[in-house]
Amino acid sequence: MHTQTTFQDDKAVLYLVSTPIGNLKDFSLRAIETLNAVDVIYAEDTRTSGVLLKHHNITTKLRSYHEHNEQERQEEIVRLLGEGDNIALISDAGTPLISDPGETLIKKVRDAGFGVSNIPGPTAIISALVASNLQTSPFTFIGFLPSKKNLKEKLLKDLSALPHTLIFFESPHRIHKTLATLYDVLGNRQTCLARELTKRYESFIHFTLSEHEKIPDLKGEIVLVIDGAKQQELSSHDMIEHVQLLIADGKSEMEAIKMVAKLRNLKKNTVYMAYKTQKKSDEPDNRE
Ligand code: SAM
């Protein structure tokens, strides 16, 4: 165990500064003050950040920091901190490190004995969550799902029993495929698709995953907020009820059985036999 104090005498500090996610006015006074005061700002894309900095008359030296030059930039940043230069890291939008570069940098900087401080501000995660109409805690942020179908399904299956609101980032060109996979693996859940947050065309689409085919083609930036697993979905004695619910939502018997088996880590045949036995005993002739 060890405690690291951020501000130590004259030692330089790395500041993680959040920037707007759309509306240029969502920039805190402290963020502007810090970006003016540091010696160098590292940004994911210097052209994108250049526009923001110019808008706020920030003239600090700007250098790139992205996944392709991380290694060499990390060495440079640690060297500059050692020479007494205060540094800021920003991303294209929102909070650095949130599905953006910087995670390995923090470790290097801390290991070298320098303080790291966050200047809080916007992130699409919180803007989407608090306006979603869904439970705000507990929540689990996933970021972007893997693009490969099998990896996507495996991750979702691991999350399917979690009673936390789930938050995903997604791009408009993958949204339809992703919603279909979410429905297949998580079943029917209340969802909020938050689009273009803080911008002119901000909108929230509230729907259940079974309605995913009705979602129109979309442009812009998207966050998906999805209800967590309900206790009812988790208890084993209502496995059959779960199959029946999926059938009521429009799945065929076999699709519903397959989904329930997948979600509950059971053999398909186990669910099939239980469902068929129940169905038979529910038939009028077999009732006592
Ligand atoms: N670091 C950023 C943050 O803290 O919000 C996230 C960066 S990540 C590379 C970009 C993704 O965040 C987008 O594809 C979208 O899913 C989400 N996002 C960013 N800005 C958004 C906005 N204004 N409205 C909706 N989603 C947004």
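Computation of the quantities below employed the complete heavy-atom set of this structure, encompassing side-chain atoms and omitting hydrogens, waters and symmetry-equivalent molecules.
At distances below 3.5 Å, not a single donor-acceptor pair connects side-chain atoms of Asp9 with backbone N or O atoms of Lys11. A donor-acceptor pair under 3.5 Å links the side-chain atoms of Ser28 to the main chain of Ala31, judged by distance alone.
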* For Lys276 and Glu253, what are the C-alpha separation, side-chain angles and deciding distance, and is it a salt bridge (charged side-chain N to carboxylate O under 4.0 Å, His left out)? -> CA-CA 10 Å; Lys276 286 289 173 193; Glu253 270 187 11; 3.1 Å; yes
* **Criterion side-chain contact (heavy atoms from CB on, under 4.5 Å) on Thr95 and Leu16, from CA distance to verdict** => CA-CA 8 Å; Thr95 301; Leu16 309 172; over 6 Å; no
* Report the C-alpha distance between Asp282 and Gln278 in whole Å, list the side-chain angles of each, state the deciding distance to 0.1 Å, and finish with yes or no for side-chain contact (heavy atoms from CB on, under 4.5 Å). => CA-CA 6 Å; Asp282 284 347; Gln278 179 69 38; 3.2 Å; yes
* Going through the distances and angles, do Phe169 and Ile98 end up as a side-chain contact (heavy atoms from CB on, under 4.5 Å)? -> CA-CA 10 Å; Phe169 286 164; Ile98 300 295; 4.3 Å; yes
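Using a 4.0 Å cut-off between charged side-chain N and carboxylate O, Lys149 and Glu153 make a salt bridge. Using a 4.0 Å cut-off between a side-chain N of Lys or Arg and a carboxylate O of Asp or Glu, Glu76 and Arg73 qualify as a salt bridge. Asp184 and Lys251 are joined by a salt bridge, as a carboxylate oxygen and a charged side-chain nitrogen come within less than 4.0 angstrom of each other.
Counting heavy atoms of neighbouring residues, nucleotides and ligands inside a 6.0 Å radius, atom NZ of Lys199 exceeds 12 of them. Counting non-hydrogen atoms of other residues, nucleotides and ligands closer than 6.0 Å to CD of Glu103 gives a total of 12 or fewer. In this structure, Glu83 places its CD atom where more than 12 heavy-atom neighbours from other residues, nucleotides or ligands lie under 6.0 Å away. By the 6.0 Å contact criterion, OH on Tyr201 is open, its count of non-hydrogen atoms from other residues, nucleotides or ligands being 12 or less.
Within the 4.5 Å cutoff, side-chain heavy atoms of His56 are placed close to those of Phe27. Considering only heavy atoms from C-beta on, Tyr65 stays 4.5 Å or farther from Glu44 through its side chain. Under the 4.5 Å side-chain criterion, counting only non-hydrogen atoms from C-beta, Leu80 is in contact with Arg63. Counting heavy atoms from C-beta on, the side chains of Thr123 and Phe141 never come closer than 4.5 Å. For the pair Leu182 and His212, the minimum side-chain heavy-atom distance is 4.5 Å or more. Asp158 has its side chain within reach of Lys154: a pair of non-hydrogen atoms, C-beta onward, lies under 4.5 Å apart. Taking 4.5 Å as the limit, some side-chain heavy atom of Leu193 sits within range of a side-chain heavy atom of Ile175. In this structure the side chain of Tyr183 reaches within 4.5 angstrom of the side chain of Asp249, judged on heavy atoms.
Defined by atom type and a distance below 3.5 Å, a donor-acceptor pair is missing between the side-chain atoms of Asn23 and Thr198. Judged by distance alone, the side chains of Lys262 and Ser160 never bring a donor and an acceptor atom under 3.5 Å apart.
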